[in-house]
Engineer: 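Sending over a structure as structure tokens; questions will come in a sec.
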Amino acid sequence: MSVKESLLEAIYSAENMYHRLVVIVGEQGAGKTKLLQEASRDMNKPLINVNLELSKRLLELTGTSRKMKVGEILSDILDATASDIIFLDNAELLFDANLNQDPLRLFQILSRKKTVIVSWNGRLENNQLIYAEPEHPEFRKEKLSGEIVFELPKKKEFGN
């Protein structure tokens, strides 16, 4: 079974879960974007560039308002699509320390209404999603709680 076929199977199994969330985790260059593009095209479902769409809407807000409105704005972006399955890529803005967000919790909330497939630029260790390194201001270590995690091998191992 190809990587894409395995992902599609994971997406369909997520449809019956409380949090309909599939997290594609892999380090930079592992092929997350390519996989999301192919899967969203095959399923004819939208692929949203979170950084682009969110930054457009946050520009006009003050720093304090940005922190308070991120979840609402992202929810509005997803609600604007008629699809019940949505792919999210390039979500690094949500990890910005100035926005003071909990990205995994935000994805969980969003996935109660729609099936959400999101890329996580980092790694999986001991049932925890890791984003950045401990000394980095955007470092996150998130304990998983029932989400489907689809881990991609490092770039040199990625074949399909």
Engineer: At what distance, to the nearest 0.5 angstrom, does CD of E60 lie from NZ of K69?
Structural biologist: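 One finds 10.5 Å between CD of E60 and NZ of K69.
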
Engineer: Would you say that T33 contacts S119 through its side chain, given a criterion of any heavy-atom pair below 4.5 Å between the two side chains?
Structural biologist: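 No, every pair of side-chain atoms sits at 4.5 Å or beyond.
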
Engineer: Answer yes or no: is there a side-chain heavy-atom contact under 4.5 Å between T81 and D79?
Structural biologist: no

Engineer: Distance-only, no hydrogens or angles: does the K32 side chain make a donor-acceptor pair with backbone N or O of G26 under 3.5 Å?
Structural biologist: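 Side chain of K32 to backbone of G26: a pair is present.
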
Engineer: Do S83 and K114 come within less than 4.5 Å of each other through their side chains, counting heavy atoms only?
Structural biologist: no

Engineer: State, to 0.1 Å, how close S55 and L93 come at their nearest heavy-atom pair, and which atoms those are.
Structural biologist: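 The answer is N-CD2, 3.9 Å.
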
Engineer: Name the one of R20, E147, H19 that satisfies side-chain hydrogen bond (donor to acceptor under 3.5 Å, both in side chains) with Q108?
Structural biologist: E147

Engineer: Looking at side-chain heavy atoms only, is the closest gap between I11 and F150 below 4.5 Å?
Structural biologist: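 A side-chain contact under 4.5 Å is absent here.
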
Engineer: Measure up the F95 and Y131 rings against each other and bin them: parallel (under 30°), tilted (30 to 60°), perpendicular (over 60°).
Structural biologist: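 Judged by the thresholds at 30° and 60°, the geometry between F95 and Y131 is parallel.
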
Engineer: Nearest 0.5 Å please: distance from the CG atom of L8 over to the CE atom of M43.
Structural biologist: 6.0 Å

Engineer: Quick check: are there more than 12 heavy atoms from other residues, nucleotides or ligands sitting under 6.0 Å from CD of Q128?
Structural biologist: yes

Engineer: Search all heavy atoms of Q101 against all heavy atoms of G71 and return the closest pair with its distance.
Structural biologist: OE1-N, 4.4 Å

Engineer: Run the salt-bridge test on R123 and E125 with the 4.0 Å N-O cut-off and return the result as yes or no.
Structural biologist: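 Here R123 pairs with E125 in a salt bridge, since their nearest N and O are under 4.0 Å apart.
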
Engineer: Do V22 and Y12 have side chains that approach each other closer than 4.5 Å (heavy atoms only, starting at C-beta)?
Structural biologist: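 Side chain of V22 against side chain of Y12, heavy atoms only: no contact under 4.5 Å found.
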
Engineer: Could you check N51 against E92 for side-chain hydrogen bond (donor to acceptor under 3.5 Å, both in side chains), going step by step and ending with a plain yes or no?
Structural biologist: CA-CA 7 Å; N51 289 345; E92 292 80 12; 3.0 Å; yes

Engineer: Kindly say whether V50 contributes a backbone atom to a donor-acceptor pair with the side chain of N90 at under 3.5 angstrom?
Structural biologist: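 No, because the side chain of N90 does not come within donor-acceptor range (under 3.5 Å) of the backbone of V50.
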
Engineer: What's the shortest heavy-atom distance between E138 and A97, and which atoms?
Structural biologist: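 The pair with the smallest heavy-atom distance is CG-N, 4.1 Å.
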
Engineer: List the steps and the verdict of side-chain contact (heavy atoms from CB on, under 4.5 Å) for N100 and V70.
Structural biologist: CA-CA 10 Å; N100 196 28; V70 169; over 6 Å; no

Engineer: Give, for atom CG of N49 and atom CG of D89, the distance between the pair rounded to the nearest 0.5 Å.
Structural biologist: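 Here the rounded value is 6.5 Å.
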
Engineer: Against L94, only a single residue in L74, L104, L99, L88 fulfils side chain to side chain contact (heavy atoms under 4.5 Å, CB included); can you say which?
Structural biologist: L74

Engineer: Of all heavy-atom pairs between A39 and F87, which one has the smallest distance, and what is that distance?
Structural biologist: CB-CE2, 3.8 Å

Engineer: Any Lys/Arg nitrogen of D84 or K45 sitting under 4.0 Å from an Asp/Glu carboxylate oxygen of the other?
Structural biologist: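 Yes, this pair counts.
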
Engineer: Report yes or no: does S2 contribute a side-chain atom to a donor-acceptor pair with the main-chain N or O of E5 at less than 3.5 Å?
Structural biologist: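 Indeed, once roles are kept as given, a pair shorter than 3.5 Å links the two residues.
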
Engineer: Between I148 and V23, is any pair of side-chain heavy atoms under 4.5 Å apart?
Structural biologist: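 No. Closest side-chain heavy atoms not under 4.5 Å.
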
Engineer: Report whether I86 and I77 are members of the same hydrophobic cluster (ILVMFWY, side-chain heavy atoms less than 4.5 Å apart, transitive linking).
Structural biologist: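 Yes: a chain of side-chain contacts under 4.5 Å links I86 to I77.
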
Engineer: Do L110 and V25 share a hydrophobic cluster, counting only Ile, Leu, Val, Met, Phe, Trp and Tyr and linking them when any side-chain heavy atoms are less than 4.5 Å apart?
Structural biologist: yes

Engineer: Are V149 and L106 connected into the same hydrophobic cluster when the rule is that any two of I, L, V, M, F, W, Y join if their side-chain heavy atoms are below 4.5 Å apart?
Structural biologist: yes

Engineer: Answer yes when R57 and D76 have at least one side-chain N-carboxylate O distance shorter than 4.0 Å, and no when they do not.
Structural biologist: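 Salt bridge absent between R57 and D76.
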
Engineer: Is a side-chain donor or acceptor of S65 paired with a backbone partner of L61 at a separation under 3.5 angstrom?
Structural biologist: no

Engineer: Under a 3.5 Å cutoff, is there a donor and acceptor pairing between the side chains of E15 and S13?
Structural biologist: no

Engineer: Quick check on the hydrophobic clustering: are F107 and L52 connected, directly or via other members, by side-chain heavy-atom contacts under 4.5 Å?
Structural biologist: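 No; tracing contacts between hydrophobic side chains, which count when under 4.5 Å, never links both residues.
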
Engineer: As a quick check of understanding, evaluate side-chain contact (heavy atoms from CB on, under 4.5 Å) for D102 and E142, giving each step before the final call.
Structural biologist: CA-CA 9 Å; D102 182 342; E142 303 283 352; 3.2 Å; yes

Engineer: Can you check side-chain contact (heavy atoms from CB on, under 4.5 Å) on V118 and L21, steps first, answer last?
Structural biologist: CA-CA 8 Å; V118 63; L21 178 60; 3.9 Å; yes

Engineer: Does W120 reach the main-chain N or O of I130 with its side chain, forming a donor-acceptor pair under 3.5 Å?
Structural biologist: yes

Engineer: Looking at OG of S111 and OH of Y18, how far apart are the two atoms once the value is rounded to the nearest 0.5 Å?
Structural biologist: 9.0 Å

Engineer: When rounded to the nearest 0.5 angstrom, what distance separates CG in L152 from CG in L35?
Structural biologist: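 Reported value, rounded in 0.5 Å steps: 6.0 Å.
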
Engineer: Do D42 and K4 sit within salt-bridge range, that is, some charged N less than 4.0 Å from a carboxylate O?
Structural biologist: yes

Engineer: If you round to the nearest 0.5 Å, how far is OG of S40 from CG of L7?
Structural biologist: 10.0 Å

